Amino acid sequence: MSMHAGEAAVTAELVRGLVRARFPEWDGLPVVPLVSSSGTVNAIFRLGDTMYVRLPRLKGGVKGLLKEQEWLPRLAPHLSVPVPDLLGRGTPSDDFPWPWSIHRWLDGTHPAPHADLALDLAEFVESMRRVPYTGGPPSYRGGSLAMVDAATREAIATLEPDLDTAQATALWSESLNAPAWDGPPTWAHSDLLPANLLVRDGRLSGVLDFGTVGMGDPACDLMPAWAVLSAEAREVFREKLAPDDATWQRGRGWAFSMALLGLPYYRETNPPFAEMCRRTIEAITTTSSSRR
């Protein structure tokens, strides 16, 4: 099922043809759609046993894919867990109008709801912040929450009566009005949601999808506190990273906005993503006021 108006029709047959034309050495390998993926911007196809193909669903996804192609190989050596190696850069053609990528497959499963990955996630966030490069692109959620204020308030209104809109508006306003980041821009993944995390034997084993990566306010990488972790693990995550209260509030704001916007948009077309949004909203709205 298409998730967006104007979405490209990406099929296994199309991907086989693209691989055959651009990378004949991999022609003949099985191409299988990754139906378990709840990704919203790119279509994913398994290529053989050791690779996967990643193609934008929309023209708007091209910028992130090109950013990933440029920066992922440079960031990878500095990160605390494996990330997908870039093996091939597909080019636009008559059959598909946008660039695409081939990456090495990483084994693992997505974390279960309310996972206990606090220390591993905190270590990854810290490794992102230690990346030595300067002059990187702006991260997707590295700016001010004011950029999404109008859309978030509209989403709150659309979710009535399933949501206490007065409480949600108050929580959103609290984050929106938190003091702005006044430090130097830092590297952030900016989309640390369950679909972009891999787990093996209870530990974080990989991080996917670097299309939103860049520099800015580090608060956006606090999103998994509510989108991934249990309440107990959330406190461990907070203690390990030790953000100031304003940064914690802005991080909660990014998680809340993502979930409020995502739930009505993906309710019918991407149920796993919509369910993650519901859990995030619940985690935020049920958190005690003293530790929001």
Side-chain angles (χ1 to χ4, degrees), residues 39-42 54 56 58 60-81 83-84 86 101 103 121-149 151-152 172 175-176 178-197 204 206-229 237-238 241-244 246-262 273 276-277 280:
T40 60
V41 178
N42 295 278
R54 180 171 161 84
L58 294 162
V62 171
K63 182 178 179 180
L65 184 132
L66 292 176
K67 183 195 295 186
E68 184 177 61
Q69 288 183 352
E70 178 182 358
W71 284 100
L72 186 55
R74 301 163 68 179
L75 298 173
H78 303 283
L79 303 180
S80 63
V81 297
V83 297
L86 177 64
S101 301
H103 294 272
L121 277 169
E123 184 179 358
F124 176 79
V125 171
E126 289 175 332
S127 71
M128 284 292 312
R129 295 177 182 177
R130 291 193 299 266
V131 168
Y133 304 117
T134 59
S139 59
Y140 179 61
R141 296 184 172 98
S144 169
L145 287 168
M147 298 185 301
V148 293
D149 182 36
T152 301
W172 170 246
S175 291
L176 182 71
W181 175 248
D182 59 1
T186 66
W187 280 94
H189 179 280
S190 193
D191 203 27
L192 293 175
L193 303 179
N196 294 330
L197 306 176
L204 184 68
V207 174
L208 310 174
D209 190 350
F210 282 71
T212 59
V213 75
M215 304 185 73
D217 180 355
C220 58
D221 270 357
L222 300 177
M223 286 173 53
W226 300 272
V228 178
L229 300 175
F237 181 73
R238 183 176 187 177
L241 289 174
D244 59 44
T247 300
W248 188 251
Q249 288 281 8
R250 295 193 308 277
R252 191 195 67 184
W254 281 116
F256 204 26
S257 177
M258 174 279 301
L260 291 166
L261 293 170
F273 191 89
M276 182 273 297
C277 293
T280 303

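Just so you know, these numbers come straight off a predicted model, no measurement behind them. Heavy-atom basis, side chains included; hydrogens, waters and symmetry copies ignored.
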#### Entry: Under 3.5 Å side-chain donor-acceptor pair for R129 and T186
no
#### Entry: pair D191-R141: side-chain heavy atoms closer than 4.5 Å
yes
### Query
Is there side-chain contact between L75 and V83, with at least one heavy-atom pair below 4.5 Å?
no
Please table the atom pairs, donor to acceptor, closer than 3.5 Å between any side-chain atom in residues 215-225 and protein atoms at least two apart or in another chain.
unit_1: D217; atom_1: OD1; unit_2: A219; atom_2: N; d: 2.9
unit_1: D217; atom_1: OD1; unit_2: R250; atom_2: NH2; d: 3.1
unit_1: D217; atom_1: OD2; unit_2: R250; atom_2: NE; d: 2.6
unit_1: D217; atom_1: OD2; unit_2: R250; atom_2: NH2; d: 3.4
unit_1: D221; atom_1: OD1; unit_2: H189; atom_2: N; d: 3.4
unit_1: D221; atom_1: OD1; unit_2: S190; atom_2: N; d: 2.8
unit_1: D221; atom_1: OD2; unit_2: H189; atom_2: N; d: 2.9

Would you compute the distance between atom [atom1] of [X] and atom [atom2] of [Y] and round it to the nearest 0.5 angstrom?
X	Y	atom1	atom2	result
M258	L260	CE	CG	9.0 Å
S144	D149	OG	CG	8.5 Å
E126	L121	CD	CG	11.0 Å
L79	R130	CG	CZ	9.5 Å
N42	L208	CG	CG	11.5 Å
T247	R238	OG1	CZ	10.0 Å

### Query
Going through the checks in order, is the side-chain contact (heavy atoms from CB on, under 4.5 Å) test met by L193 and V228?
CA-CA 7 Å; L193 303 179; V228 178; 5.7 Å; no
Does [X] use its side chain to pair, donor to acceptor, with the backbone of [Y] at less than 3.5 Å?
X	Y	result
Q249	A178	no
K67	F210	no
T280	A259	no
W181	G142	no
S127	S80	yes
T152	V148	yes

Nearest heavy-atom neighbours spanning [X] and [Y]:
X	Y	result
V81	L204	CG1-O, 3.7 Å
A122	L241	O-CD2, 3.6 Å
S175	L145	O-CD1, 3.6 Å
V41	G61	CG1-CA, 3.7 Å
Q69	S101	NE2-OG, 2.8 Å

### Query
Can you list the steps and then say if D209 with R54 is a side-chain contact (heavy atoms from CB on, under 4.5 Å)?
CA-CA 10 Å; D209 190 350; R54 180 171 161 84; 2.7 Å; yes
### Message
side-chain contact (heavy atoms from CB on, under 4.5 Å) for S139 and V213? Distances and angles first, verdict last.
### Response
CA-CA 5 Å; S139 59; V213 75; over 6 Å; no
#### Entry: Ring-ring centroid check W187 W71, cutoff 6.0 Å
yes
### Query
Could you walk me through whether W254 and W172 pass the ring pair (Phe, Tyr, Trp, His ring centres under 6.0 Å) check?
CA-CA 9 Å; W254 281 116; W172 170 246; 7.8 Å; no
### Task
Quick one: do H78 and M128 satisfy side-chain contact (heavy atoms from CB on, under 4.5 Å)? Show the steps, please.
CA-CA 7 Å; H78 303 283; M128 284 292 312; over 6 Å; no
